[in-house]
Amino acid sequence: MVPELSASILPDSAACQTGRLTLGGCDLGELAAQYGTPLYIYDRPTLWGQAQRARRAFAPLRARVSFAAKACSTPGVLRIFRDAGLALDAVSAGELEAARRADFEPAAIHLHGNAKSAAELKLAVHLGLHAVVVDNRDELERLEEVCRTTGQRTSVMVRIAPSLEPDTHPHLQTAGKRSKFGVSGASEEGEAIFRHLQASPVLHLIGLHAHVGSQIKDVSVYAQVAQELVTLAKALRRFDLAPTEISLGGGWAVAYRDGDPEVTPDQVAASIGPAFAGTGLRPAVEPGRWLTARAGLALYQVEAVKRVDGRRLVAVDGGMGDNPRPALYGARYTALLPDRVDAPPTGPADVVGRYCEAGDVLVQAVALPEVKRGDLVGVPVSGAYQISMASSYNLVPPPAVVLVEAGRSHLLTRRPTAADLLAWEILPHQAERRGPEVFRGGGVR
Ligand SMILES: Cc1ncc(COP(=O)(O)O)c(C=O)c1O
């Protein structure tokens, strides 16, 4: 195994051969030479294994297990989860298109979002998704209108903001009285939504939904939310409504560094089981991070090393453009040198990104051996909310993504060029002079 780093933060296929880290039987130095850096490497056996672990854990509860596409919306990754038998939680027309490319059946997809556009609602109705998860009254009215106009019926779930406020970073917390997501079951808005559903000939309430936040470390939170939603589902009889599915969202904590707490699907299943016993209600879960985080490793090249006020700064060719999480949530990672994972550390270093922001620090105070320009640096547990949140800030192209397995690598995302990033930009005089041509390119009108 890999010295100094525990298997709990590396992909399942990670191995160490003569001091060099391999993933899926591929040498990281060779991957960097072939695809360039920064490079995101996903381990197929880990993605597949996590999906199977989640399915096995919830099989006794007959739960619907979906992948929250927002964690990693790369079609090549979605395809693996489709083949593994997961359903899908999408949050935009873009994610629905990624799901289509990954060959997900519409009936296996539900659509979330607190501000869905009319076009997204139309698309959801047209596709015949498993459900539209309705966030608010405005959306419900809009959805009703779409269905009446098209003559179609649609299944809906209602997003509930449970009363408890779990302990996590405030930006990752999505429950409680002040949440921008969903409605409280007991609120005026909630009542109005259920009354509307009672009277609607085109909207069919199939379930209730909650997602209380991410990186939830206390598994008893799920038992409490399950109980709250099961109670609410029963109370809806007074509106002649009989939802059958109760989704508890995702949010299972993963370890980013050795020793960080993690929540497993078995623990979540054990926690929610009692609330459902004898109710006839079907549970649903939609983890994102837990399914992809550990499967991914970000690989960077060192551009410069310097000492500043006693700190060793290792500047790499990526940063907040491919991983905004440290800046957004104060997320803490570790780092390793894949070419010499067994070299003894010489002291702490901060791995800083290349972007023009003081907050662009990828990894703080990590024990590293001597590092020099041209070395590779790997950041484990990079498979969730990094590539899907990547930007082209500073007009730096986001990374390529490869999938590894059994000694082979497959390109899933080509690295865009600077020209790709500028392809939709139009200078004012070009628009005037070459109007028709530009219009033909699409997107201007
Ligand atoms: C509605 C919903 N479901 C599921 C998830 C997935 O959460 P996680 O990736 O923490 O499991 C999210 C994440 O924000 C979400 O908003």
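Just so you know, ligand 1 is whichever comes first in the structure, and atom 1 is the first atom listed for that ligand.
Between Gly249 and ligand 1, no N or O atom pair is found at a separation short of 3.5 Å. Annotation: Gly288 places an N or O atom under 3.5 Å from an N or O atom of ligand 1; distance criterion only. Residue contacts with ligand 1: Tyr385 is placed with a nitrogen or oxygen under 3.5 Å of a nitrogen or oxygen of the ligand (distance criterion only). In terms of polar-atom proximity, His112 is not counted as a contact of ligand 1, lacking any N or O under 3.5 Å from an N or O of the ligand.
Going from atom CD of Glu95 over to atom CZ of Phe104 covers 11.5 Å, rounded to the nearest 0.5 Å. Residue Arg294 holds its CZ atom at 4.5 Å from CG of Asp12, rounded to the nearest 0.5 Å.
Close contacts between ligand 1 and Pro287 involve ligand atoms 11 (O) [criterion: under 4.0 Å to a heavy atom]. Numbered from 1 in the order shown, with element, the atoms of ligand 1 that lie under 4.0 Å from a heavy atom of Ser214 read 7 (O), 8 (P), 10 (O). Proximity to Gly250 (heavy-atom distance under 4.0 Å) selects the following atoms of ligand 1: 4 (C), 11 (O). Applying the 4.0 Å criterion to heavy atoms of Ala68 picks out, from ligand 1, the atoms 4 (C), 5 (C), 6 (C). Using a 4.0 Å cut-off to heavy atoms of Arg159, the atoms of ligand 1 that qualify are 1 (C). Every atom of ligand 1 is numbered from 1 in the order shown, and the set under 4.0 Å from a heavy atom of Arg289 is 8 (P), 9 (O), 10 (O), 11 (O).
Phe239 and Phe194 have tilted rings, their planes meeting at an angle from 30° to 60° on a 0 to 90° scale. Aromatic ring pairs are classed by plane angle as parallel below 30°, tilted from 30° to 60° and perpendicular above 60°; the pair Phe67 and Phe81 is tilted.
With sequence neighbours excluded, no residue satisfies salt bridge (Lys or Arg N to Asp or Glu O under 4.0 Å) with Asp266. Under the side chain to side chain donor-acceptor pair (under 3.5 Å) criterion, Ser247 pairs with His209, sequence neighbours left out.
A donor-acceptor pair under 3.5 Å is formed between the side chain of Arg153 and the backbone N or O of Pro201. The closest donor-acceptor contact from the side chain of Ser271 to the backbone of Gln267 lies at 3.5 Å or more, if one exists at all.
Residue contacts with ligand 1 for Val91 are absent, since no atom lies close enough (heavy atoms, distance under 4.0 Å). Under 4.0 Å from ligand 1, the heavy atoms of His211 that appear belong solely to its side chain.
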